[in-house]
Student: 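One structure, pasted below without further comment.
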2 protein chains.
Amino acid sequence: MTAVESACTEQPPSAARGGPVGMTLARVSRTHRIAMGRRLRELGLYPGQELMMMRLWDRGPARQSELIQSLGLDPSTVTKMLQRLEQCGYVRRSPDPADRRAVLVEATEEGQALKAGVENAWSDLEASSLAGLDPAERTELARLLGILAENLRAEAGDAGDCPPLNC
Amino acid sequence: MTAVESACTEQPPSAARGGPVGMTLARVSRTHRIAMGRRLRELGLYPGQELMMMRLWDRGPARQSELIQSLGLDPSTVTKMLQRLEQCGYVRRSPDPADRRAVLVEATEEGQALKAGVENAWSDLEASSLAGLDPAERTELARLLGILAENLRAEAGDAGDCPPLNC
DNA sequence: GACATTTGCTTGGCTGGCCAACTAATGCGT
DNA sequence: ACGCATTAGTTGGCCAGCCAAGCAAATGTC
């Protein structure tokens, strides 16, 4: 087995008492991301980049602020990710003639070529991770996760200023 | 609203067709991590570090290899994280007299002091994210996520060599 | 028209997390 | 007893992702 020895083989720590759902969620999402990462690296992408490419495939050329909005990422994250994707040749960035501050982003031919692989990776991982669940359970899981998403989304609103970390 | 504008307000990309569960999972886990991060930063921790501390609180002094095993992290990740936690004074590292290669790690007094805050943060976030779910739904969600965890854990086994990224 | 504000993006710095390569110490086999 | 394989940690490099600070262009206000 490689470095990441199938994350967390042991019991959840007692600190999760009163509802280990958050713990399980964190664990599942991490292994999920890792599994996705393994598939992606064969395609030449890092985890996270595929979401960016999907947006571009779906919506075509977009300005950077739209990508930031729809992916819910920090502007600086998007800037750097796009710089790398551009350097890889998967993406082309051009100044927006209508607004000289803005940058238009689109997938290149080479970027388009990744589409099938990425979609395949997603559906493959989907099948693998949902194995053993019947359709009813899958929709139920999706529904419950949707509620979590909504709850967390609501909470994300109240920013609340925090003093910077002292360390 | 701050930078992270409540991740992913829009429809999931079409690439998620055939089961957007993975997409929703990724989204939920990210907002969950962010929400946890906001609570943690008030305590002086970064997301991820609290899991390490929980292990130490639960099991007491442990050697680094145990932490790596139980958290399912890469050795280098643990090394660096512990270096930072040590610098913050939350953790003490001492050579294992029984094995001069090994390092024994334990929470300091100052580290112990974080316990209540972290556990409170977890239960608080748990309550917040599971709002609106009755007990039956919560256990069902936990059960389904457990299955995902198991499926993904199984898949983590077959390492499969991958050529390094060309970019 | 001049100025202030908001928007769009970039840079620098920091962490978590991975991989690859390396050192040091332990153990095992002959 | 010697030598090789395994194990424990470390370092360096790279990416995602965050925050804070900054710059330039567009927009609003007087």
Side-chain angles (χ1 to χ4, degrees), chain A residues 2-5 7 26 29-31 33-38 40-41 44-52 62-69 71-85 87-88 93 95-105 159 161-167, chain B residues 2-5 7 26 29-31 33-34 36-38 40-41 44-52 62-69 71-85 87-88 93 95-105 159 161-165 167:
Chain A
T2 55
V4 56
E5 40 279 334
S29 87
R30 202 159 60 75
T31 54
R33 187 183 179 87
I34 289 171
M36 192 63 201
R38 189 152 47 225
L40 286 173
R41 77 177 313 180
L45 288 176
Y46 285 94
Q49 296 181 336
E50 91 277 18
L51 297 170
M52 175 70 73
R63 75 174 57 183
Q64 211 160 306
S65 56
E66 283 182 58
L67 299 173
I68 291 167
Q69 173 74 24
L71 293 174
L73 295 173
D74 189 88
S76 63
T77 301
V78 171
T79 293
K80 290 168 189 168
M81 195 187 298
L82 286 176
Q83 287 173 345
R84 286 160 192 148
L85 286 172
Q87 193 176 4
C88 289
R93 300 166 66 202
D96 183 347
D99 186 339
R100 275 192 295 170
R101 302 171 293 179
V103 176
L104 288 178
V105 185
D161 51 350
C162 309
L165 287 185
N166 41 357
C167 188
Chain B
T2 55
V4 55
E5 41 279 332
S29 88
R30 202 157 62 74
T31 54
R33 185 183 180 87
I34 290 171
M36 191 63 201
R38 189 153 46 226
L40 286 173
R41 77 177 313 179
L45 288 176
Y46 284 94
Q49 296 181 335
E50 90 278 18
L51 297 171
M52 175 72 72
R63 76 174 55 184
Q64 211 162 306
S65 57
E66 283 181 58
L67 299 173
I68 292 166
Q69 172 73 24
L71 292 175
L73 294 173
D74 188 88
S76 63
T77 300
V78 171
T79 292
K80 290 169 190 167
M81 195 186 298
L82 286 176
Q83 287 173 345
R84 285 158 191 151
L85 287 172
Q87 194 178 3
C88 290
R93 300 166 66 200
D96 184 346
D99 187 339
R100 277 193 292 173
R101 298 171 294 180
V103 176
L104 287 178
V105 185
D161 52 349
C162 309
L165 288 184
C167 188

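Within every chain, numbering begins at 1; the chains are lettered A, B, ... in the order of the sequence lines, protein sequences first and strands thereafter. The figures here come from the full heavy-atom set of this structure, side chains too, leaving out hydrogens, waters and symmetry mates.
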Student: Figure out the CZ/P separation between B:Arg33 and D:dG17, and round it to whole Å.
Tutor: 11 Å
Student: Enter the distance from B:Gln64:CD to B:Leu82:CG here, rounded to the nearest 0.5 Å.
Tutor: 5.0 Å
Student: Of all the nucleotides listed (C:dT6, D:dT7, C:dG16), which has the minimum atom distance to the side chain of B:Arg101?
Tutor: D:dT7
Student: Answer whether the closest heavy-atom distance between the side chains of A:Gln49 and A:Leu40 falls below 4.5 Å.
Tutor: no
Student: Within this structure, what is the CZ-to-P distance between A:Arg84 and D:dG13, rounded to whole angstrom?
Tutor: 15 Å
Student: Given D:dC15, is OP1 or OP2 found less than 4.0 Å from the side-chain N or O atoms of A:Gln83?
Tutor: no
Student: Can you check whether A:Gly48's main-chain N or O pairs, donor with acceptor, with A:Glu50's side chain at less than 3.5 Å?
Tutor: yes
Student: Select one nucleotide: of D:dC18, C:dT10, D:dC15, the one nearest the side-chain heavy atoms of B:Ile34.
Tutor: D:dC18
Student: Between C:dG16, C:dC9, D:dG17, which nucleotide gets closest to the side-chain atoms of A:Arg63?
Tutor: C:dC9
Student: In Å and rounded to the nearest 0.5 Å, what is the CZ to CZ distance from A:Arg30 to A:Arg33?
Tutor: 11.0 Å
Student: Provide, to the nearest angstrom, the distance between the CG atom belonging to A:Leu73 and the P atom belonging to C:dG8.
Tutor: 16 Å
Student: Can you tell me the distance, in whole Å, between the CZ atom of B:Arg38 and the P atom of C:dT15?
Tutor: 21 Å
Student: For A:Pro47 and A:Ala98, find the nucleotide of DNA chain D closest to each by heavy atoms; which residue's nucleotide sits nearer the 5' end?
Tutor: A:Pro47
Student: Give a yes/no answer on whether the side chain of B:Gln64 brings an N or O atom under 4.0 Å of OP1 or OP2 in D:dT7.
Tutor: no
Student: With sugar-phosphate meaning primed atoms plus P, OP1 and OP2, does A:Glu50 contact a base, only sugar-phosphate, or nothing at under 4.0 Å between heavy atoms?
Tutor: nothing
Student: Look at all strands and tell whether A:Ser65 reaches a base, only sugar-phosphate, or nothing, counting heavy atoms closer than 4.0 Å.
Tutor: sugar-phosphate
Student: In whole angstrom, what separates A:Met81's CE from C:dT10's P?
Tutor: 13 Å
Student: Please give, in whole Å, the distance from D:dG9 P to B:Arg93 CZ?
Tutor: 9 Å
Student: In terms of the nearest nucleotide of DNA chain D, which residue is placed more toward the 5' end: A:Thr77 or A:Arg100?
Tutor: A:Thr77
Student: Using only heavy-atom distances, decide whether a donor-acceptor pair under 3.5 angstrom links the side-chain of B:Lys80 to the base of D:dG9.
Tutor: no
Student: A:Asp99 side chain: which of C:dG17, C:dC9, D:dA26 is closest?
Tutor: D:dA26
Student: I need the minimum non-hydrogen distance between A:Ala102 and A:Arg63, along with the two atoms involved.
Tutor: CB-NH1, 3.9 Å
Student: Identify whether any heavy atom of A:Ser76 sits under 4.0 Å from a base atom; if not, whether one sits that close to sugar-phosphate; answer base, sugar-phosphate or nothing.
Tutor: base
Student: OP1 or OP2 of C:dG16 sitting under 4.0 Å from any side-chain N/O of B:Gln49?
Tutor: yes
Student: What's the CD-P distance between A:Gln87 and D:dC14, to the nearest Å?
Tutor: 11 Å
Student: How many angstroms lie between atom CG of A:Leu67 and atom OG1 of A:Thr77, to the nearest 0.5 angstrom?
Tutor: 12.5 Å
Student: In whole angstrom, give the distance that lies between atom CG of B:Asp96 and atom C1' of D:dT7.
Tutor: 13 Å
Student: Counting side-chain heavy atoms from CB outward, which of C:dG16, D:dC19, D:dA16 is closest to B:Tyr46?
Tutor: C:dG16
